[in-house]
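Before any comments, here is the structure.
So that the names make sense, note that chain A is the first sequence line, chain B the second, and so on, each numbered from 1. Below, all heavy atoms of this structure are taken into account, side chains as well, without hydrogens, waters or symmetry copies. In this text, all values refer to a predicted model and were calculated from it rather than measured experimentally.
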Amino acid sequence: MDIQLTPNDVAFRDEVRAFLKEKLSDRFKRAVVGGYIDKDTIVQWQKILYEKGWIAPSWPTQYGGTGWSITQKFIFENECAEAGAPTLVPFGLKMVGPVIYTFGNEEQKARFLPDILQSNVWWCQGYSEPGAGSDLAALQTRAERDGDDYIVNGQKIWTTYAQHSDWIFCLVRTDGNAKKQEGISFLLIDMNTPGIEVRKIDSIDNQHSLNEVFFDNVKVPVANRIGEENKGWTYAKYLLTHERTAIAGVPQSKRAIERLKQIAAQEISAGKPLIEDEMFCAKLARIEVDLMALEYTELRAIASVADGGAPGPESSILKIRGTEIQQAVAELSVEACGYYAHALGQGVGNDYAAPISTKYLYGRAATIYGGSNEVQKNIIAKMVLGL
Amino acid sequence: MDIQLTPNDVAFRDEVRAFLKEKLSDRFKRAVVGGYIDKDTIVQWQKILYEKGWIAPSWPTQYGGTGWSITQKFIFENECAEAGAPTLVPFGLKMVGPVIYTFGNEEQKARFLPDILQSNVWWCQGYSEPGAGSDLAALQTRAERDGDDYIVNGQKIWTTYAQHSDWIFCLVRTDGNAKKQEGISFLLIDMNTPGIEVRKIDSIDNQHSLNEVFFDNVKVPVANRIGEENKGWTYAKYLLTHERTAIAGVPQSKRAIERLKQIAAQEISAGKPLIEDEMFCAKLARIEVDLMALEYTELRAIASVADGGAPGPESSILKIRGTEIQQAVAELSVEACGYYAHALGQGVGNDYAAPISTKYLYGRAATIYGGSNEVQKNIIAKMVLGL
Amino acid sequence: MNFNYSEEQTLLKDSVSRFIQNDYDYETRKKHCAMDGGFDAATWQTFAELGWLCVPFSEEDGGIGGGAVETMIMMEEFGKGLVVEPYVSTVLIAGGLLAKVGNAEQKSEILAGIIDGSRKLALAAVEPQSRFDLFDVQTTATSSAEGYQLNGAKAMVLHGGSADTFIVSARAAGDSRDREGVSLFLVPADSDGIERQDFPTLDGHRAAELTLSNVKVPAAALLGMDGAAVPALESIADEAAVALAAEAVGMMEKLYRETVEYSQNRKQFGVPISAFQALQHRMVDMFTMHEECKSLLLRAVMSHKAGDADFSKNVSALKYAVAVKGQKVAHEAIQIFGGMGMTDEMSVGMYLKRINVINTLFGNGDYHLKRFISLSV
Amino acid sequence: MNFNYSEEQTLLKDSVSRFIQNDYDYETRKKHCAMDGGFDAATWQTFAELGWLCVPFSEEDGGIGGGAVETMIMMEEFGKGLVVEPYVSTVLIAGGLLAKVGNAEQKSEILAGIIDGSRKLALAAVEPQSRFDLFDVQTTATSSAEGYQLNGAKAMVLHGGSADTFIVSARAAGDSRDREGVSLFLVPADSDGIERQDFPTLDGHRAAELTLSNVKVPAAALLGMDGAAVPALESIADEAAVALAAEAVGMMEKLYRETVEYSQNRKQFGVPISAFQALQHRMVDMFTMHEECKSLLLRAVMSHKAGDADFSKNVSALKYAVAVKGQKVAHEAIQIFGGMGMTDEMSVGMYLKRINVINTLFGNGDYHLKRFISLSV
């Protein structure tokens with residue numbers, strides 16, 4: 001039993017820290033603290049990582065990966081998050097990229113992977129549909145073969161960043177007679193194809209991140225299909241079970257707690273700083289204790305993978321507790337900001353309140369997406385507890 | 001809208017108070033505070049109420065009831081509990097009594113009701129079986145007809161006070177081929193009949209209240225059957241849905257909170273009385289707020305019945321929240337007592353700690369019996385929310 | 001003992017309820033939010049015509065002498081409809097304060113205008129540092145031969161942007177957290193030296209920040225006794241807290257009912273999600289939390305009606321419970337609605353935002369839990 | 001970075017685990033509770049023979065130099081078996097304290113006896129008024145020509161009834177809540193002037209109340225530095241808290257596993273109750289709470305091993321979490337077991353009682369939450 005880093009890992013961590021110190025300028029950090037980050041800023045940060053060769057640590061080295069151990073990948077993600085670096089947009093780098101290099105043909109790899117690594121092309125994810133949320137396989141968007149093309153009709157929903165995206169990867173039904181999970185194919189679709197319409201979804205945080213995407217007789221070359229026809233569910237499942245180390249969001253929650261403490265030191269309640277109020281501190285401490293537990297639960301999962309094993313049963317709780325803790329921090333942060341958490345005026349109250357509120361509201365989705373926490377509990381009940 | 005008592009009700013309340021002041025001696029109050037009360041003490045108190053004519057307020061006047069309005073019954077129960085009177089043993093007075101006067105024949109009424117009113121005969125309840133808990137209708141104890149008798153074989157469990165009881169009322173299966181709820185009959189059985197064995201259940205509170213009751217070829221006259229053969233489920237259901245005003249236990253919880261406050265004023269924590277500790281007070285206050293809500297929820301239910309209606313949907317939460325609050329008070333009381341809550345020695349620590357612990361441990365059953373809280377939620381989901 | 005509404009109360013409830021049902025759907029509400037001042041002036045006139053603006057005032061003051069029950073009835077319905085018109089700020093708070101401490105002249109001048117819908121007032125009592133302590137006043141009132149001169153900053157003045165007159169709390173004497181020495185003044189919104197910044201809040205309502213620089217008002221602008229405003233402010237705050245809690249209780253009812261209905265229609269894995277027992281039990285919990293808050297609301301209202309000494313304690317119990325359980329019910333609703341709960345197309349997210357705003361007005365959960373503890377000793 | 005046990009640690013775990021499995025079922029445990037002193041002397045000798053009593057002591061002191069990891073391993077298994085033998089009180093607390101502050105003579109005299117099972121010691125540090133503050137000492141130590149004279153009362157001396165020697169904290173100087181001025185003394189249990197009342201606790205363990213009236217001990221009985229015992233006491237309290245938390249974590253594991261198993265066998269309404277989704281989700285919560293406490297346990301153990309400055313903070317996080325989540329898991333287990341959970345036939349209720357006792361030893365949840373807050377500043 002040993003949680004000390006090896007000298008090699010310490011050296012690696014120091015290298016990451018030095019890199020972040022040099023390249024992660026205040027502009028990036030301010031953007032992260034401020035809430036939503038504009039596309040340009042994210043792209044600039046991603047390009048800095050690309051130039052360093054660190055944009056895709058999990059990819060195999062032949063496609064541009066780093067060849068790091070899982071511990072190194074963990075250190076890297078942790079250091080980036082703790083330093084306050086922008087979160088990478090996952091759709092290209094963590095989702096469709098791995099599917100392409102795992103199941104795509106050589107032509108597809110050559111065509112798509114470099115642009116993903118260089119952040120030249122933005123991707124979005126076309127999975128969910130109005131009738132297919134937690135029950136993803138119930139999707140209805142259909143693709144009918146027409147020579148060398150598919151004609152795609154249907155609708156996707158909750159499509160984050162569709163308004164910024166050049167391409168979308170979609171699950172579509174290519175065989176309406178097969179059983180639910182069968183008859184689904186995995187298509188890459190150019191967002192500029194005629195017949196695609198993106199409609200903004202007004203969301204409760206008053207920001208624009210979610211969209212609906214409509215397909216009206218959209219022509220997609222068969223060459224843009226990944227792998228075999230009707231085998232799309234397999235590729236999608238691969239993605240869902242693909243190694244996801246940062247799922248618990250521990251460093252992000254740590255930073256959010258630090259931010260909350262700063263705010264609570266500034267806010268005055270009953271004539272003294274809120275941070276001196278025991279009732280407030282007790283709520284904060286309860287969350288901190290949960291986060292300390294989560295941090296070690298994640299370390300246990302990482303260690304067991306690093307050790308060559310599979311993640312243990314403890315890893316199954318990372319998503320549930322991670323998102324619950326994120327929400328708890330956000331709720332308490334809103335409470336700490338008092339009245340101004342709810343003010344939308346420019347320059348009204350303290351400038352930290354508005355991003356806190358946005359984060360809180362958008363954060364309600366964390367327990368819904370990526371497999372709702374209810375679905376996660378069903379999975380644990382079945383797979384871990386054997387119920 | 002008016003929650004003021006009418007002058008008549010005020011006069012009634014004062015009459016009850018005067019009665020309690022005169023008759024509820026310290027001996028009774030001390031016994032209540034001390035935890036379990038011996039049979040003699042309860043019987044003595046019940047006989048005092050009998051002599052006053054107040055032993056069975058809910059019974060029809062021709063059988064010995066008081067003819068009070070629901071508001072008066074509520075006032076009476078409330079005043080008794082607030083004054084710290086012993087809780088009546090429900091098995092005769094609130095359970096089998098109403099079944100007998102509603103469904104029994106004249107001979108049964110004449111034979112059993114007077115002894116119940118006078119507390120001459122103690123009853124216990126033979127419903128639950130090892131395989132039939134929340135799913136009561138799954139019971140297996142069978143009664144086979146043999147001339148003018150039934151021969152009863154089987155086992156009952158969780159039989160409170162069986163060790164003190166002269167009679168037991170039982171649900172037994174008289175038709176093994178019928179559907180679950182059909183084929184059940186309601187029998188009154190003399191506990192002195194040969195073939196009955198009572199075995200103590202060692203329970204977690206180290207007290208003796210629970211028992212198993214075994215029936216080995218026990219001969220029960222058919223004359224002791226209530227109503228028709230195979231209709232027992234109807235009578236049992238009547239009992240379960242029979243007006244139960246005191247189900248929320250509000251005055252009992254109020255008294256428990258008062259007791260807890262006294263204890264917290266005596267206990268020293270961090271060099272000062274525990275009652276001056278904000279973290280402790282916050283926990284206590286949260287429970288008090290819940291109890292204040294429950295108290296009004298009960299008033300709303302009473303008022304709607306008093307008004308000639310049925311209890312509204314709000315009444316469905318009385319059992320769930322009532323028992324949860326009882327448990328919360330008990331948990332906090334144990335916490336307040338510190339180390340001595342867990343000491344079993346005579347004269348060790350403060351004398352208030354031992355009954356607090358017993359109550360806490362036995363109180364874990366409150367959310368299990370009388371239809372577990374899970375079953376209550378199922379019922380609310382179905383009957384109130386229409387799910 | 002009964003919780004039945006009188007005939008008049010039933011008529012009032014039906015009238016508000018029908019209006020919300022027929023004329024105030026969520027799309028209409030959105031339009032009102034986007035209008036000048038953040039509400040619909042025509043709707044406000046309708047409120048006046050329907051007699052709603054006079055409800056809480058005594059007959060002497062031109063009202064119908066409605067009490068806490070009538071206010072509760074209206075606010076629950078307003079809550080269900082997410083009404084943005086400035087009923088709480090103008091009628092209940094400013095009007096209530098005037099009725100409580102105003103002299104005959106002040107009342108006759110202003111209350112009629114509130115009742116006929118022509119005037120809007122807003123209370124400017126909160127300051128950036130005061131949080132929930134209304135006695136924490138740093139704005140100063142210096143008396144002079146002509147009257148008073150006011151200097152300071154006021155925060156979160158509800159519907160301050162559309163008010164023609166402010167009721168401003170200012171300190172005539174004492175230190176910034178003394179309970180004595182605070183006075184109230186009627187200040188025309190267009191007075192020289194007032195700057196106001198009007199802004200929307202997340203719940204679609206409006207508020208304003210004020211700065212007062214050498215604002216001059218005549219001696220007759222003093223509202224109530226000089227230096228003795230805190231009890232009146234705290235008393236109106238308790239009444240406003242009950243009204244806002246009633247609004248929240250109306251929303252909680254709507255939230256649990258709409259969640260139940262949505263769950264019965266939303267299918268996943270081939271069945272309505274209402275078939276999942278884990279969700280059923282959580283919806284039962286939502287129902288339970290609504291019933292509990294409703295009970296505490298009735299308790300506070302009844303104790304106000306009876307003039308009980310424990311009114312403030314009942315208010316704190318209610319406001320604390322609404323803070324915790326109201327937010328919890330709204331969070332659960334969004335979770336069960338899933339992605340749809342995250343959209344502005346559904347009103348469920350707006351209920352959450354309004355409940356959160358209510359939770360900060362006149363004391364959040366912790367504030368009221370502490371006050372409950374101090375009132376319990 | 002790894003959480004794997006070394007070969008020796010695995011052997012230790014297997015050895016304890018096998019013993020519990022084969023020789024320490026719940027019926028056996030009940031018999032031990034009923035024996036003289038509340039445990040089985042023969043089993044204690046077995047512990048000695050298996051080498052378990054020497055684990056935490058340095059090789060110099062006759063042990064094997066085990067650390068927090070070894071203690072955790074043993075305590076988790078002891079927890080699963082609900083072991084009543086006085087391992088914590090004699091070996092970890094009294095032995096640990098001796099090893100920490102005893103001089104060579106004291107160690108050589110006593111540690112060998114602890115290790116071979118012939119001696120039992122108990123720490124008498126708690127007093128009726130002290131609750132969780134070990135510096136709150138009213139028992140007095142008056143020095144004289146021959147040594148010291150002790151007067152006072154000690155409470156909840158774990159396994160005090162079977163101890164041959166007490167380590168008594170007594171005040172040589174200062175006021176009752178001063179951190180300075182407290183000393184420790186080795187006091188033979190049969191000293192003149194000691195009265196002890198031995199009693200069982202609800203969890204089947206034993207404790208004793210002591211009164212000391214003019215108890216005379218020689219100067220050599222002083223353990224550690226005169227007047228400077230508090231840091232050592234608090235240090236041993238932290239270590240004991242981790243050991244007891246490990247015991248609780250072992251019980252939590254057992255509780256969630258046994259509940260899962262019971263739910264799969266218990267049928268109601270024609271199906272195993274494990275089929276009900278509401279119960280499934282609650283069992284997932286039980287599992288989750290165990291994993292969280294296990295993580296905090298590892299965290300505390302690792303920080304002890306590394307000698308981190310934040311060890312005490314990690315202890316408080318752990319002890320707080322175990323207090324809340326341990327009790328919650330046990331409550332849920334009883335609820336899902338239903339009536340069977342209320343019986344002494346099943347061990348589930350005993351786990352609850354033991355967890356509750358652990359929650360009061362060396363600080364309950366609130367105590368540690370407060371300490372966590374003060375250590376976070």
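Residues D:Q335 and B:T367 share a closest heavy-atom pair of OE1-OG1, 2.6 Å. Contact detail for B:L344 and D:F199: the closest heavy-atom pair is N-CD1, 4.2 Å. Shown here for D:Q268 and B:D135, the closest heavy-atom pair between the two residues is OE1-N, 2.8 Å. Nearest heavy atoms, D:F269 versus B:K180: CA-NZ, 4.1 Å. Contact record, B:S357 with D:L202: OG-CD1, 3.4 Å, taken as the closest heavy-atom pair.
Scanning residues 370-377 of chain D against chain B with a 4.5 Å heavy-atom cutoff picks out D:K370, D:I373, ordered by number. By a heavy-atom distance cut of under 4.5 Å, not one residue of residues 379-387 of chain B is near chain D.
For chain B, no part of D:A323 is nearby; none of its heavy atoms comes within less than 4.5 Å. Of the two parts of D:D133, only the side chain, counted from C-beta on, holds a non-hydrogen atom closer than 4.5 Å to a non-hydrogen atom of chain B. Neither the backbone nor the side chain of D:M346 comes within contact range of chain B, judged by heavy atoms closer than 4.5 Å. At a 4.5 Å heavy-atom cutoff, the contact between B:L274 and chain D is made by side-chain atoms alone. Only the side chain of D:L279 comes within less than 4.5 Å of a heavy atom in chain B; its backbone stays farther off. In this structure, chain D has a heavy atom under 4.5 Å from the side chain of B:K283, while its backbone stays farther away. Only the side chain of D:V126 has a heavy atom closer than 4.5 Å to any heavy atom of chain B. At a 4.5 Å heavy-atom cutoff, D:R206 makes no contact with chain B through either its backbone or its side chain.
Although no hydrogens or angles enter the test, the distance criterion places no donor-acceptor pair under 3.5 Å between the side chain of B:E331 and the main chain of D:Q327.
Residues D:K353 and B:L361 are in side-chain contact: their nearest non-hydrogen atoms beyond the backbone lie under 4.5 Å apart. Contact of the D:T201 side chain with the B:Y339 side chain is not registered, since no non-hydrogen atoms from C-beta on lie closer than 4.5 Å. The shortest distance between side-chain heavy atoms of B:I201 and D:M342 does not fall below 4.5 Å.
The ring pair (Phe, Tyr, Trp, His ring centres under 6.0 Å) search around D:H159 returns D:H205, not counting sequence neighbours. A search for ring pair (Phe, Tyr, Trp, His ring centres under 6.0 Å) contacts involving D:F276 returns nothing, not counting sequence neighbours.
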Self-check item: B:H342 and D:D203: CA distance, side-chain angles, deciding distance, side-chain contact (heavy atoms from CB on, under 4.5 Å) verdict
Solution: CA-CA 8 Å; B:H342 312 286; D:D203 57 352; over 6 Å; no
Exercise. Output, in order, the C-alpha distance, side-chain angles, deciding distance and verdict of side-chain contact (heavy atoms from CB on, under 4.5 Å) for B:W158 and D:M340.
Key: CA-CA 9 Å; B:W158 318 126; D:M340 288 310 292; 3.8 Å; yes
Practice problem: Report the C-alpha distance between B:E374 and D:R282 in whole Å, list the side-chain angles of each, state the deciding distance to 0.1 Å, and finish with yes or no for side-chain contact (heavy atoms from CB on, under 4.5 Å). | Solution: CA-CA 11 Å; B:E374 289 76 19; D:R282 283 162 64 178; 2.8 Å; yes
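Atom CG of residue B:N206 and atom CG of residue D:D344 lie 6.5 Å apart, to the nearest 0.5 angstrom. How far OG of B:S269 is from CG of D:N364: 7.0 Å, rounded to the nearest 0.5 Å.
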